[in-house]
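We count residues from 1, following the sequence as given.
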Amino acid sequence: MGHARNYLSFDIVRRVLEDYFGYNCLMVMNVTDVDDKIILRARRNFLLAQYKGSGKTAEEVKAFTIEAIQAGIAKQQKKVEEMETMVAKDAAEAEAEPDEKKRMFALRKVADLQEAVKGEALKGRQAAEALAAVQALGTAGGAADAEALLAVGSDYVAEALDKALGANVTDPTVFRAHAAKYEREFLEDMDALGCRRPDVLTRVSEYIPEIIEYVSRITDNGMAYASNGSVYFDTQNFRTCGHTYGKLNPWAVGSAALAAEGESNFETSEKRSPQDFALWKAAKPGEPAWESPWGLGRPGWHIECSAMASSIIGSRLDIHTGGEDLRFPHHDNELAQAEAYYHHDGCKQWVNYFLHCGHLHIEGLKMSKSLKNFITIREALASFNARQLRLMFCLQPWNKTMLYGEQSRAEMKAREAQLRNFFGNVDAAIRNTSVNTNEQRWTTQDFDLNNRILATQAAVDAALRDNINTPAVMDALSELIRAVNKYLADKSEPGAARALLLRKAAAYVTRILSVFGIVDGPSDRLGFTETSSSAAGSDAAAARYLDALAAFRDEVRGLAKAKAAAADLVAAAGRLREGVLAGLGVKVEAGASGRSSWSAADPTNRPGATSTSYIDTVVAFADQVQSLASSSAAAGEVLAACDQLRDGTLVDLGVRLEDRPDGKAVWKLDDPTTMREEIAARAAAAASAARKKLEGAVDRKAKELEKLEGLAALPSIQEALSDKYSKFDEASGEPTHDKEGNALEGKAKDKARKDFEKAAKVREPLSKKLAEDSLALDKMRAEVEELRKQLAALGTA
C-alpha cells in the first residue's frame with residue numbers, strides 16, 4: 001500500500017491533467033530491475049531456497065536461525081547507537097548555528113535523522129521479537145518445525161547465508177527472474193487498482209548502452225571520475241561548473257546516513273568527497289555485470305532514471321513524480337546527473353516540477369517493507385474494492401502524509417454510501433418522471449438547484465487549480481449531493497422534480513468521479529461503447545419488470561398489514577400475472593406443483609438475461625404469496641416473505657429495495673457485496689443491541705434477586721431485636737419488655753416501636769413479594785437462569 005500511495009495518487013493527478021485540463025501527457029515509467037537492494041534480495045532468496053532444500057534438521061535450523069538473529073540484533077544496536085550519536089552532534093551544532101537559514105536547514109536535517117533512527121530502532125525491536133519467537137518453537141516435529149522456524153527468521157537467515165555464500169551466486173537469470181516476478185505482480189496490482197498504464201516503460205537491463213553513454217558524457221564534461229573500475233559523480237566540480245547540488249533537500253546534503261539510503265558501500269575510500277556517489281559500479285562476485293569502458297560492472301542506483309528518461313523525453317521534463325522519501329538522495333542526484341549530462345546545452349533545470357506524495361502511515365510510522373509494518377495491495381483489495389481505495393485516496397491530500405486507519409476507512413465508507421444513495425435517488429426520480437407528460441417550467445427551487453450546480457462547478461475548478469486539491473473537490477460534490485437530496489425531499493410529489501436538471505447534476509458528479517478514476521471514463525475503454533437501441537430497450541424493459549415487482553410487493557405488504565383475507569392476496573397475484581405481466585409481454589402458466597412457468601408472448605422478442613432473472617423473481621414471488629394465502633398463513637409470515645425478497649433474492653440480483661413511509665418501495669441497482677455487508681452490519685448492530693438489552697435485564701433481575709435473597713437470609717425481627725428486648729406482642733410483633741424483663745412504658749415503648757418499624761421496613765420488599773406469591777423467589781431464580789441461558793446462546797450464535 002506504500003507503493004499504492006505513490007502510483008494511485010499520481011494516477012489521479014495524471015487523470016486530472018489529461019481528462020479535466022486536457023493536457024496531452026507522455027508518461028514514462030522507469031522500472032529498476034538492477035540495483036543494490038534487488039541484487040541483494042534476489043541473491044538472498046536464492047540462497048534461502050537452497051538452504052531449505054539442504055535437508056537440515058530442525059535442531060540445526062534453530063541453532064543457525066538464533067545465531068543469525070542475534071547477529072542482526074547486534075548490527076541494529078550498533079547502527080542505532082551510531083545514528084543517535086550523530087543526531088546529538090548535529091542537534092548541538094544546529095542549536096549553535098547563528099545564521100537563521102543555515103540553522104533551519106540543520107534542524108530539518110536533524111528531524112530527518114531522528115525519523116531514520118525511529119525506523120532503525122523498530123527493526124531492532126522486531127529482531128528481538130523474532131528471536132523470542134524462534135526460541136519458543138520446538139524441534140520435535142522435524143521438517144514442519146524447520147519450516148516454522150524459517151517462517152519467523154528467514155530474513156536474518158538469508159542475510160547470514162549471503163554474507164557467507166553470496167559471492168558464489170553468478171547465474172544472471174537469478175537476478176532477472178527475481179525482478180521480472182515483482183514487475184509482473186506490480187503491474188497486475190496497478191491494473192487491479194485501476195491505474196492507467198504508462199505510455200513508455202523502460203527497464204535498466206534494456207538500457208545499459210544508453211546508461212554507459214550517459215556516464216561517459218558526464219565524465220567528458222568533467223563532472224565524474226573513474227576509480228578502480230567504478231565511476232563516481234564529482235559533486236565538488238559540479239558546483240564549480242556553476243550548478244547547485246541538493247536543490248530538493250539542501251539540509252540533507254552532507255549526511256552520510258541519509259545519502260546512503262538504498263546504496264551499499266556508500267562510504268568508500270575510492271571517492272574524492274564523501275558527498276560523491278556512484279554512477280557505475282565495478283563488478284563484484286555475486287552480482288550481474290556488463291562490459292563498459294571502465295571494465296565489467298553495472299549501473300549505480302540514480303543514473304538509470306536520468307539516462308532512461310532523457311532517452312525518451314530529452315533535456316527537459318515537465319513533471320517528475322515520486323515518494324517524499326526520494327527527494328534526497330535519489331531525485332537530487334537525478335537532477336545533478338542530467339544537468340551534468342546537458343551541461344554544454346546550458347541546462348540548469350532538468351525538471352520543471354517535482355511532485356512528491358506524502359507517506360502512508362500506519363501505527364505512527366511510515367508504512368515500509370523494510371520496517372515490516374506494511375499491508376500489501378492484494379491484502380487491501382481483499383477488504384476493499386479498487387473504487388473504495390481510490391475514494392479513500394481522493395479524500396486526503398496527495399502531497400501530505402496519509403493515515404491508513406479506521407477513521408479514514410470509516411470516512412471512505414460514508415462517502416461511498418452517500419454517492420450510492422445519490423445516484424440511486426436520482427435514477428429513481430428520473431425513472432418515475434416523464435419529460436413528455438410533466439410540466440417543465442422552472443420554479444424557484446429549480447433555479448436554486450441550478451445555481452448550486454454552477455457553484456459546485458466553479459468550486460471544483462478552483463480546487464483542481466489549487467494543487468489538485470481532491471479533498472476539496474469531494475467536499476464540493478458532497479454539498480451538491482445534499483442540495484439535490486433536499487430538492488428531491490421538497491419535490492416529492494410525482495412529476496414535481498425536473499428530470500433534466502437532476503440528470504445534469506448527476507452527470508456532473510459522474511464526470512468528476514470519472515476524472516478521478518472512481519468510475520470508468522472514456523479514456524478507460526477502447527473502441528466503440530455499445531449503445532444500440534436494442535440494448536437500451538432491454539434496459540428499459542428490465543426496469544419495468546422491477547417496477548412491477550416492487551408495486552406487487554407493496555400491495556402484498558399493505559394487505560398483510562391490514563390483515564386482509566387470503567382471497568385478497570390470491571386476487572392480487574392473479575392481477576399481477578394476468579394484467580401487469582401480460583401487459584409487459586409475459587405469458588404466465590400455472591403449474592401442477594404450484595410453480596408457474598412463463599414465456600414471451602412474442603417469441604421473436606425474448607427478454608435478455610437480466611430481464612429474465614427479474615421475471616423469474618416476479619413469478620416465483622407471486623407463487624409464494626399464493627401458496628401462503630392458500631395455507632392461511634399469518635400476516636407475519638407474509639411480511640417475512642416480503643423481507644426475504646428484499647434482503648435476500650433481490651440483493652443477489654444487485655437490486656436495492658428501500659421501503660418508504662408512504663408504503664411505496666423504491667428500487668435501485670447496487671453492488672450485491674456492499675448490500676450484504678450493510679445487511680450483516682445491521683444484523684450485527686441488532687444482535688449487539690439485543691445482547692446489551694439482555695445483559696441489562698440479567699443484571700437487573702440478578703441484583704433484585706440478590707437483594708431479596710439477602711433479606712430472606714436475615715433473622716426474624718424478634719431475633720434481630722433480642723439483644724434489646726425479651727418479649728414481643730403476639731399479634732403485632734412489637735416489643736413489650738426490655739432485656740431485663742421489665743414492661744416497656746412511655747418513651748421506652750415509643751423507641752421500641754421505632755426499632756420494630758425500622759426492622760420491618762428493611763424486610764418490607766421481601767414481605768410484599770411473598771405476600772403476592774409465596775413462590776416468588778423460586779420463580780425469580782428460574783427467570784434469572786433462563787435469561788443467562790439466552791445470553792449464553794447469543795454468545796455462540
If we check salt bridge (Lys or Arg N to Asp or Glu O under 4.0 Å) with Asp11, which of these qualifies: Arg390, Arg196, Arg5? Arg390
Would you mind reporting whether Phe186 and Ile377 have side-chain heavy atoms less than 4.5 Å apart? no
Contacts satisfying side chain to side chain donor-acceptor pair (under 3.5 Å) that involve residues 495-509 (not counting sequence neighbours) are Asn450-Lys504
Pairing residues for [X] by the side chain to side chain donor-acceptor pair (under 3.5 Å) criterion, not counting sequence neighbours:
X: Arg700; answer: none
X: Glu578; answer: none
X: Gln445; answer: none

What pairs meet the ring-ring contact (aromatic ring centres under 6.0 Å, His included) rule with one or both residues in residues 419-459, with sequence neighbours excluded? Trp442-Phe447
How would you list all residue pairs meeting ring-ring contact (aromatic ring centres under 6.0 Å, His included) that involve residues 603-641, not counting sequence neighbours? Phe552-Phe621
Between [X] and [Y] (side chain of the first, backbone of the second, donor and acceptor by atom type, cut-off under 3.5 Å), is there such a pair?
X: Trp398; Y: Asn467; answer: yes
X: Ser631; Y: Leu628; answer: yes
X: Asn421; Y: Ala417; answer: yes
X: Gln388; Y: Met412; answer: no

Charged N to carboxylate O under 4.0 angstrom, [X] versus [Y]?
X: Asp659; Y: Arg553; value: yes
X: Asp191; Y: Arg197; value: yes
X: Lys692; Y: Glu695; value: no
X: Asp520; Y: Arg387; value: no
X: Asp19; Y: Arg14; value: no

Side chains of Thr443 and Asp446, donor plus acceptor under 3.5 Å: yes
Paired with Leu549, the side chain to side chain contact (heavy atoms under 4.5 Å, CB included) test is passed by just one of Leu581, Leu650, Val580, Asp554, namely Leu650
Positive for side chain to side chain contact (heavy atoms under 4.5 Å, CB included) with Ile518, one of Ile12, Leu391, Thr510: Leu391
Tell me, please, whether Tyr20 has Arg15 positioned over its six-membered ring: NZ or CZ under 6.0 Å from the ring centre and within 45 degrees of its axis? no
Could you tell me the separation between the CG atom of Asp616 and the OG atom of Ser597, rounded to the nearest 0.5 Å? 10.5 Å
CD (Glu416) and OG1 (Thr674) are apart, to the nearest 0.5 Å, by 5.0 Å
Evaluate whether atom CZ of Arg595 has more than 12 neighbouring non-hydrogen atoms of other residues, nucleotides or ligands under 6.0 angstrom away. no
Using a 6.0 Å cut-off, check whether atom CZ of Phe21 has over 12 heavy atoms from anything other than its own residue. yes
Using the rule given for salt bridge (charged side-chain N to carboxylate O under 4.0 Å, His left out), can you reason through Arg646 versus Asp643, listing the C-alpha separation, both sets of side-chain angles and the distance that settles it, and then say yes or no? CA-CA 5 Å; Arg646 179 195 63 205; Asp643 289 347; 3.5 Å; yes
Aromatic ring pairing His359/His361, orientation class (parallel under 30°, perpendicular over 60°, tilted between): parallel
Given Asp448 and Arg452, is the salt bridge (charged side-chain N to carboxylate O under 4.0 Å, His left out) satisfied, shown in steps? CA-CA 6 Å; Asp448 288 345; Arg452 169 53 63 183; over 6 Å; no
